[in-house]
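What you see is a predicted model; the values in this text were computed from it and never measured.
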Amino acid sequence: MLGSLLRIRPGLYIRDGQVHAGVKYRGSKDKVVNKLLNDILSQIHRIDHVHVIIAQTLEEEKAEWIRNLIQERTSIQHVHIIEGGCSICSHSGPHSMAISYILKSEP
């Protein structure tokens, strides 16, 4: 609740099957989405280009915009959009988004 008041939006990542807190973005959803995309695109060389998944709850237009942007700026062509279910909504609330991808393994 306090995070909502301060407009803090956590970035989470999964490593070895466990969820960890990452970057904490602050600001409006539009600003946060732009910051998140810039962070992802700055690391694009580390991302497996086979599939990217955008999960959304009640954010179909924003998810479509993100997919188009990723496909225009990268060589990733398989960007899937899925709808988050009731479990995701109960934890993050409606109008949430997630961008999932796999990092390339280190040589």
*asked:* Starting from Leu103, can I reach Ile70 by hopping between I/L/V/M/F/W/Y residues whose side chains sit under 4.5 Å apart?
replied: yes
*Under a 4.5 Å side-chain heavy-atom rule over Ile, Leu, Val, Met, Phe, Trp and Tyr, are Leu41 and Tyr13 clustered together?*
no
*Is there a chain of hydrophobic side chains (I, L, V, M, F, W, Y, each step under 4.5 Å between heavy atoms) that links Ile102 to Leu12?*
no
_Looking at Ile44, I'd like to know if its CD1 atom is crowded, meaning that more than 12 non-hydrogen atoms belonging to other residues, nucleotides or ligands lie closer than 6.0 Å._
yes
*Measure the NZ-CG distance between Lys35 and Asp39 for me, rounded to the nearest 0.5 Å.*
9.5 Å
_Heavy-atom closest pair, residues Val32 and Gly27_ = CG2-O, 3.8 Å
*asked:* For Glu59 versus Gln56, what's the shortest heavy-atom pair and its separation?
replied: N-OE1, 2.9 Å
_In one Ile/Leu/Val/Met/Phe/Trp/Tyr side-chain cluster, 4.5 Å: Val23, Ile8_ = no
*Give me the one residue out of Ile99, Val79, Val52 that meets side-chain contact (heavy atoms from CB on, under 4.5 Å) with Arg67.*
Val79
*Would you sort out whether Leu36 and Tyr25 count as a side-chain contact (heavy atoms from CB on, under 4.5 Å), showing the intermediate values?*
CA-CA 8 Å; Leu36 175 63; Tyr25 297 96; 3.6 Å; yes
*Nearest 0.5 Å, what's the CZ-OH distance between Arg46 and Tyr101?*
8.0 Å
_Minimum heavy-atom separation for Ile47 and Lys104, please, with both atom names._
O-CE, 3.2 Å
*asked:* Quick check: closest heavy atoms across Ile54 and Met97, and the distance to 0.1 Å?
replied: CG2-CE, 3.7 Å
*Taking all atoms of both residues into account, what is the closest heavy-atom pair of Lys29 and His95, and its distance?*
NZ-O, 2.8 Å
*asked:* Tell me if a side-chain donor or acceptor on Thr57 pairs with a main-chain N or O of Ser96 at a distance below 3.5 Å.
replied: yes
*Heavy-atom closest contact (Glu64 atom, Ile81 atom, distance)*: OE1-CD1, 3.6 Å
_Within this structure, what is the NE2-OG distance for the pair His80 and Ser100, rounded to the nearest 0.5 Å?_
11.5 Å
